[in-house]
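Step one of this worksheet: look at the structure below.
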Amino acid sequence: MEPSNDTENNVRRSKKKSTSGGGVKEHKEQLQKLQQKDPEFFEFLKEHDKELLEFGDDDIDDDVGTDMEDGEAVEHEIKEKEPKLFKKVITTSMVDLWCKSIHENGSLNAVRSLMKAFRIACHYGDDGDNDSMAKLSVISSTVFNKIMLTALNEMDGILRNLLKLPASGGKNETIKDLMTTKLWRNHNHIVKSYLGNALHVLNQMTDTEMISYTLRRLKYSSLFLAAFPSLLRRYIKVALHFWGTGGGALPVVSFLFIRDLCIRIGSGCLDECFRGIYKAYVLNCHFVNAVKLKHINFLGNCIIQLLGVDLPTAYQHAFTFIRQLAMILREALSTKTKEAFRKVYEWKFINCLELWTGAVCAYSSDSDFKQLAYPLTQIISGVARLVPTARYFPLRLRCVRMLNRIADSTHSFVPVSMLLLDMLEMKELNKPPTGGVGQAVDLRSLLKVSKPTLKTRAFQEACVFYVVEELAEHLAQWSYSVSFMELSFIPLVRLRNFCKLTKVERFRKEMKQLIREIEANLEFVNGKRMSVSFLPNDPAAASFLEDEKKSAGSALSKYVITLRQRAEQKNSSLMESSVLVGEESSIFGKEISESDEEDDRKNEKGSTAFSSSWMPGNDANEVKEPKEKKRKKRKQQKGAIDDDVVEDLVLSSEDDEPSSESPPAREKDNDTGKRAPPKQKRKQKHKAKSYHFRVLSLPMATVLLRNAPFTAPIHSSLTSTSHIFLHFPHTSFPKFTISCSSSRRNRPEYIPNHIPDPSYVRIFDTTLRDGEQSPGASMTAKEKLDIARQLTKLGVDIIEAGFPAASPADFDAVAMIAKEVGNAVNEDGYVPVICGLSRCSEKDIQRAWDAVKYAKRPRIHTFIATSSIHMEYKLRKTKEQVIEIARNMVKFARSLGCEDVEFSPEDAGRSEREFLYQILGEVIKAGATTLNIPDTVGINMPSEFGKLIADIKANTPGIENVIISTHCQNDLGLSTANTLEGARAGARQLEVTVNGIGERAGNASLEEVVMALKCGSHVFGNIYTGINSKHIYLTSRMVEEYSGLQLQPHKALVGLNAFAHESGIHQDGMLKHKGTYEIISPEDIGLERPEDQAGIVLGKLSGRHALRKRLEELGYELKEDDVEGLFQRFKAVAEKKKRVTDADLRALVSDEISQAESIWKLGDLQVACGTLGLSTATVKLIGIDNREHLACSVGTGPVDSAYKAIDLIVKEPVELLEYSMNAVTEGIDAIATTRVVIRGVHSHVSTNVLTGEAYHRTFSGIGSGMDVVVSSVKAYIAALNKMLGFKETSSS
C-alpha cells in the first residue's frame, strides 16, 4: 500500500508542532493513534523512515530560515524543539560525530543537526534571535570555525548524495527534472537552508579571504539556486557587489562565481547578470587615475569574458546599451547645452565606449557582434568631434585609439587620420610654449586639461608624440594594402606642412622621422604594385602582400614596434590590461583553469581564512591584517606621501635639453615603487644646471635642504613661491634652484564610509542649511545656487543644501542644486556630495531623498535628540524608543537606494556616554556611513569635546566602518576650538559654515578651521583638506551679501581689519618684513592688496568683455541677459565715479541679479523732505502683470514715507524688524548698500529643523544705489518679493 502524501505531511506537521512543554508526550500519543488508525502506513514508516518515529530529548533541530530582502522569510521547514532542549553547548566533537554519522550511515538526523549548527553559526549575534537561539550563543570561535569549514566543505557532497545527483557539474535542466521528484520534496528545505544561511553570513563578513573562500565553496552548489529564484537574485547582487568593490582575490572569485552561474543556470540568470554587471561597471568608472584605470580595465575584461558565455543574448544587451550611448550623444548634438556636453565628456560615458570597443574587438569573428562595430564607430567619431578644442586633446586621442582597435580587429577601414592631423594644425601645438616646462602629462588618465597646462612644453610634447604613435598605428594597418599610396597621400602632405610651420625643432624632428617611414613603405608597396595586373577593386587584391603582412616586414610595421616600446617605457603602469589581484595577475582572455586540483589547493587556505576569532555580529573581533600586509600598506602610504612632497624633477637647463627620443621620464624602481635617485636617471655632466623641485610646504623644503649634500642659504623670508639658489661645495655642480610651492595634495577617492588617506579631512559645509537658520538670513533659490557653485570652486567635500521638508521652496532649491552643482564633475573627477537634512521620520527622509537623488553623490542626513533633557521634554520618549526610531529610519533611508547616510545624535555633548555608544552602534548596523557628533548648544570645552570624540572612537562597536564628524555651535565662542580638537581626536569630517553664520551664535567658521589646519599641521598630525584657500575671501563676501549678515570688522581672516595695520610699531615692522605681523599672506585666501593689483581697472570706457572677465574672477557666473542688464547699471555708476571697485561690482550684482523673482519692481520715486514740514514720498511700482501702481504718503522721514507709500500699493501688512546701511567704498560717490529684515503680520510659517515647531519666518532684502533713499526702497521691495514669493510657493 502506497501512503498518501497528505497523511505523511500531517505526521510531519504534528511533529513540528511539538515545541510546547508537553511536546514529546503529545507526539507519542499521536503516533499511537496513527498505529491504531492506519497500521499499514505505520509499518511503512517504521520500515522506510524510522527516524521520523524516533523523537527524543537529544534531537537538535530548529527552523533554518533566513530573512529575505523582499520581506518574506525563508519558510521554517526543519523541526523546532522546546527551548530547554537546546541547553547543550555545541562542541567540535559533536560536529565530528555528526560528520562520521553522515559518511558512514547517511544519517538524515545528523544532517539536520549539522544544518541547525550551521544556522546558529551564521546568525550568531543577530538582533532578532529568539530565546532558544540565545541559549546556543555561547559557542566559541573554534567551534564556529569548525562548523563553517565542515558545512562549506561537506554540504555540497551531502546534498548531492541525498538528491542522487552526480558528484559535480550539472545544468539547469538537471534541477528542473529533480524538482518533480519525491526526493526533492523531502529534502529541498535542507538545500534552501544551506544556501540561505550561507548568504546571510556572506553579508556579515568583512574579511576578503573569508568571503573568497566561502564563495569558492558555494560555487559547487550554485546549481541548486536554479530552484530558488529569489535566492538566486540575491546571490547575484551580493557577488556583483564583491566584484566591484572587493580587494585582494575577491573580485576574481566573485566573477568566477557569477560566470559559473551563467554557464550552469543559463537563461534563468543571464539577463540579470548582464544588466547587473554592466551597472556595477558604470558605478565603478566615474573617475579615473593611473591606479583606478587598472581596476577599470580589469572590470571591463571580466564583462567581456562574461558576454562570451552566450553571445546571442549578449548581443541584445550590447545593442541596447550602445543605443543608450548614442541617444546621449544625439541629445548633446541637438541641444548643444553645457549639461548635455558634460554627460558625454565624463569618464562614465568614455569608459562605456572603451568597454564596448573591447567587446567588439574580442568577438569580431561573430557575425552578430561585428555588426555593432559600425554604430559604435559612429558614436566614437561623434564624441571626438563634439568639442574640437585643444583642452579636449586627451579625449580625442582616446577616441582615436578605440577607432584604431576596431579597425584592426574587424579589418575595416576607419578614417581616423583627419582627427589627428587637425590637432597638429591647432595653434597650441604650433608655437613655442609660454607656460614653462610644466609637469609631465599623462594623457591616458585625462579627458580634459586646464588652460595653464595647454601652454606648457610637457603638454605639447605628450600630444605630438601620441599623434605620431596613433597615426603610425593607423597607417601600419594598411601598409600592405594595394591602395596605400592613395591612403597616405593626404597625411603626407599635411605632415610636411606641419614641419614647415612648426617652430619647435623637437616636433619637426619627430615628424620627419614619421614621414621617412611612410615614404619608405610607399616605395615598398609601389614596387610591388608595378608587378601586378589586377585592379584595386578586384577580389585578388585581398591577397596582395599577404606573406609580407604575416611576417610584419613593412617599414611602418617595424617603426610601430619601436614606438610601442617607447610608449611602454613612459606608461608602463597604464599599458597593462589587467590588475594585480593578490599575488597573481588576473589576465582574462586566456583560458581560466578550473581543475579540481587547483580548487583543492585553494581550499587548503580555508583553515587559515577561518582561523581568526571573527564571528557574525562581533565587530570588535574582526580579522586583523597580517603584520606583513600592514608593513606593505604603510610602505605604500609613505610612497604616496613622498609622491606628494616631491612632485616633479624636470631638467630645465637650456644648453642640455633632452631629445625627443629620450624624454625626461618619471621612472620608478620596479621593486619599491619609489622614484629612482637623480643619478640613476642620467649621467652627471660638469655644467651649471637648474633643477626644479615642487614640494608640499616650506618646512618640508627646509628638511630637504638640510639633508642635501650641498649648502644653501635658508632665509626666514622665504614664501610659498620663493626660489632658493643652492651652491654645491663641488665645482662640478655650481648652481641649482629649488622652488617651494604650497600646492594642495591630491583629494582621495570618495567612498561614503571610508577615506583611503587617513590624513585627509572632509569639509562639510552647512551654510545653506544651518547658516540660513540665522534670523533674517533667508536666501532665494538663485542665491543658494550661486553659493553652491562658489562652494564647489572652494572645494568643499559635502554641501548640505537645505532641509527639503521645511517648505516647497526649500525642496526646490535643494533639488536644483543637486541637479546642477551635484553633477558638475571637474577634470580631476571632483564633484561635491549634495546632502539634505531630515528628521527621523519617513516623510522627512523620503522628501530629502526626492530632492538629493538627482546628484551623482547624494546623501541623507537624519537626526534625533539623545540627551536626557531633550528626550524627556521635547521628544517625550524613552531611550529604547529613540534607539528603535533611529535604527529604523537609517534602514529606511538605505532602503530608498541612498548609499550615503549620515546620522546625528542631537545634543550629543550632553548625552550619556553609554547610551551614545549604544545608539551609534545600532545605526552603524543599520547602514549609517557617517556619524556626526554635534555640540548642539555649544556647552562643551575643547578638551571635553576632544575626549568625547576619542571615547566614541574607542567604545562604539563598528566605528571603524564609518566616518566620525563634528558639528559645533558657537554659544561660548568655542566652536572653532572644539572642531579642531575633534579633528585631532580622530574626526575626519568637520561641519562648518562660511563666516560662521548659523542658529543663535552661529557655527564653526569654515575659513578659520581650514586655515588653522593648514597653518598648524604640525600640531594636528599633518592632516589636510581639499579646500582651495584662494577662494575663501570671495566665498565669504558672497555669503555676506546674499545672507545680509554683515561681518564684524575684526572677524578673523575675512573681516575688513584682518590684514589692516594702523599702529606705528606694526606699520614699521610690516614695511621691513610682512612676516613680522602676518602669519599668512592675504593672497593665500584670495585677498589682493590694492598696491598688488595689476589687473584691469574698470571705468566708464570699459566694455562688456572686461566686465564679464572681472565678474568671473570674483566668482560670479552670469547668463548673457544678466550681464547685459548689469552692464547698463555699471555704465550708470561709472559715469558718476572715476573708478568702479570690486566692492561696487558685488553690490551691483547683489542688487541687480541676485534678487528674488520680481513680483513688484520700482518704477519711479520722488521724495521731499527737510525741516519745513513732513516728508512726502511718491512711489510708482510695476506689478508682475506690467501694470503701474502709484501711491503717495507722508512720514517722519523720506525712507519712512516711501515705505508707507509702498505698503499702500502692496497691501501686505509687515513689521520692519531691522534696517541698516553702509557704504561699500569710501568717498562722497560711494555706493550705499541697505539691508532690511521684515516679518509678515499674517502667518508666513516655516518649520524649525531642530524642534519641528512652526515659526513666523523673517525675510531680508538688500538694495544698492548711489542714492540712500533709492537703495532703501530697493531693499524693502526685495524683502517683500521674497515674502510674497514664499507665500505663493507654500500655498501651491
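Count residues from 1 along the sequence.
- Minimum heavy-atom separation, Ser212 to Leu250: OG-CA, 3.4 Å.
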### Message
Before you tell me yes or no, could you show the steps for Asn753 and Thr930 under side-chain contact (heavy atoms from CB on, under 4.5 Å), namely the whole-Å CA-CA distance, both residues' side-chain angles and the distance that decides it to 0.1 Å?
### Response
CA-CA 6 Å; Asn753 65 335; Thr930 301; over 6 Å; no
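- The backbone N or O of Ser193 sits nowhere less than 3.5 Å from a side-chain atom of Arg119 that would complete a donor-acceptor pair.
- In terms of heavy-atom proximity, Ala359 sits nearest to Ile304 at N-CD1, 3.7 Å.
- Shortest non-hydrogen contact noted between Thr180 and Arg185 is O-NH1, 3.7 Å.
- The residues Asp156 and Arg160 are annotated as salt-bridged, a charged nitrogen and a carboxylate oxygen being separated by less than 4.0 angstrom.
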### Query
side-chain hydrogen bond (donor to acceptor under 3.5 Å, both in side chains) between Asn153 and Tyr213: does it pass, once the steps are laid out?
CA-CA 10 Å; Asn153 288 330; Tyr213 178 79; 2.6 Å; yes
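- At least one donor-acceptor pair closer than 3.5 Å links the side chain of Arg894 to the backbone N or O of Cys898.
- Smallest separation of non-hydrogen atoms from Arg217 and Leu152: NE-O, 3.5 Å.
- A donor-acceptor contact shorter than 3.5 Å is absent between the side chain of Thr929 and the backbone of Val962.
- For the ring-ring contact (aromatic ring centres under 6.0 Å, His included) with Trp356, the lone residue among Tyr278, Phe369, Phe319 that qualifies is Tyr278.
- Rounded to the nearest 0.5 angstrom, Leu163 CG and Ile158 CD1 are separated by 11.5 Å.
- Counting only distance, with no hydrogens or angles, the side chain of Tyr281 and the backbone of Asn351 share a donor-acceptor pair below 3.5 Å.
- Checking side-chain atoms of His123 against main-chain N and O of Val201 turns up no donor-acceptor pair under 3.5 Å.
- One N or O on the side chain of Thr150 and one on the backbone of Lys146 form a donor-acceptor pair closer than 3.5 Å.
- Looking only at side-chain heavy atoms (C-beta outward), Tyr750 and Ile755 stay at 4.5 Å or farther from each other.
- Of all heavy-atom pairs spanning Val901 and Ala893, the tightest one is CG2-CB, 3.9 Å.
- The shortest distance between side-chain heavy atoms of Glu902 and Thr862 does not fall below 4.5 Å.
- Taking CD1 of Ile379 as the reference point, atom CG of Leu376 lies at 6.0 Å (rounded to 0.5 Å).
- Here the straight-line distance linking atom CD1 of Ile277 with atom CG of Leu306 works out to 5.0 Å at 0.5 Å rounding.
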Distance-only donor-acceptor hits, side chain of residues 307-314, under 3.5 Å, sequence neighbours excluded:
{"from": "Asp310", "atom 1": "OD1", "to": "Thr313", "atom 2": "N", "distance (Å)": "3.3"}
{"from": "Asp310", "atom 1": "OD1", "to": "Thr313", "atom 2": "OG1", "distance (Å)": "3.4"}
{"from": "Asp310", "atom 1": "OD2", "to": "Thr313", "atom 2": "OG1", "distance (Å)": "3.3"}

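- In this structure the side chain of Glu354 reaches within 4.5 angstrom of the side chain of Arg405, judged on heavy atoms.
- With a 4.5 Å cut-off on side-chain heavy atoms, Lys343 and Lys348 do not count as touching.
- A donor atom on one side chain and an acceptor atom on the other are found under 3.5 Å apart for His317 and Asp271.
- A donor-acceptor contact shorter than 3.5 Å links the side chain of Thr174 to the backbone of Lys171.
- For the atom pair CG (Asn188) and CZ (Phe224), the distance works out to 11.5 Å, reported to the nearest 0.5 Å.
- Remark: Glu899 CD is loosely packed, at most 12 non-hydrogen atoms of other residues, nucleotides or ligands lying under 6.0 Å away.
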### Task
Output, in order, the C-alpha distance, side-chain angles, deciding distance and verdict of side-chain contact (heavy atoms from CB on, under 4.5 Å) for Ile959 and Leu931.
CA-CA 9 Å; Ile959 197 69; Leu931 299 183; 3.6 Å; yes
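- Atom CZ of Arg275 has more than 12 heavy atoms from other residues, nucleotides or ligands within 6.0 Å.
- In this structure, the side chain of Asn197 does not engage the main chain of Cys122 through any donor-acceptor pair within 3.5 Å.
- The salt bridge (charged side-chain N to carboxylate O under 4.0 Å, His left out) search around Arg762 returns none, not counting sequence neighbours.
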### Task
Before giving the answer on side-chain contact (heavy atoms from CB on, under 4.5 Å), spell out for Val143 and Ile147 the whole-Å C-alpha distance, their side-chain angles and the decisive distance to 0.1 Å.
CA-CA 6 Å; Val143 176; Ile147 295 172; 3.7 Å; yes
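- Residues Arg234 and Asn203 approach most closely at NH2-ND2, 3.7 Å, considering heavy atoms.
- For the pair Arg859 (side chain) and Asp900 (backbone), a donor-acceptor distance under 3.5 Å is absent.
- For the pair Ile296/Asn284, no side-chain contact is recorded, criterion being any heavy-atom separation below 4.5 Å from C-beta on.
- Within the 4.5 Å cutoff, side-chain heavy atoms of Ser222 are placed close to those of Arg264.
- Between atom CZ of residue Phe242 and atom CD1 of residue Ile258 there is a gap of 11.0 Å, rounded to the nearest 0.5 Å.
- Remark: Lys856 NZ is packed, more than 12 non-hydrogen atoms of other residues, nucleotides or ligands lying under 6.0 Å away.
- Distance check, rounded to the nearest 0.5 Å: CZ of Phe257 to CG of Leu240 gives 10.5 Å.
- Using a 30° and 60° split on the angle between ring planes, Tyr194 and Phe118 fall in the tilted class, from 30° to 60°.
- Side-chain contact between Trp98 and Val111: absent, with no pair of heavy atoms (C-beta onward) separated by less than 4.5 Å.
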### Task
Take Trp184 and Val191 through the side-chain contact (heavy atoms from CB on, under 4.5 Å) test and state the conclusion after the steps.
CA-CA 9 Å; Trp184 178 257; Val191 180; 4.3 Å; yes
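- Looking only at side-chain heavy atoms (C-beta outward), Ile834 and Tyr854 stay at 4.5 Å or farther from each other.
- Between the side chain of Thr181 and the main chain of Asp177, no donor-acceptor pair closer than 3.5 Å is present.
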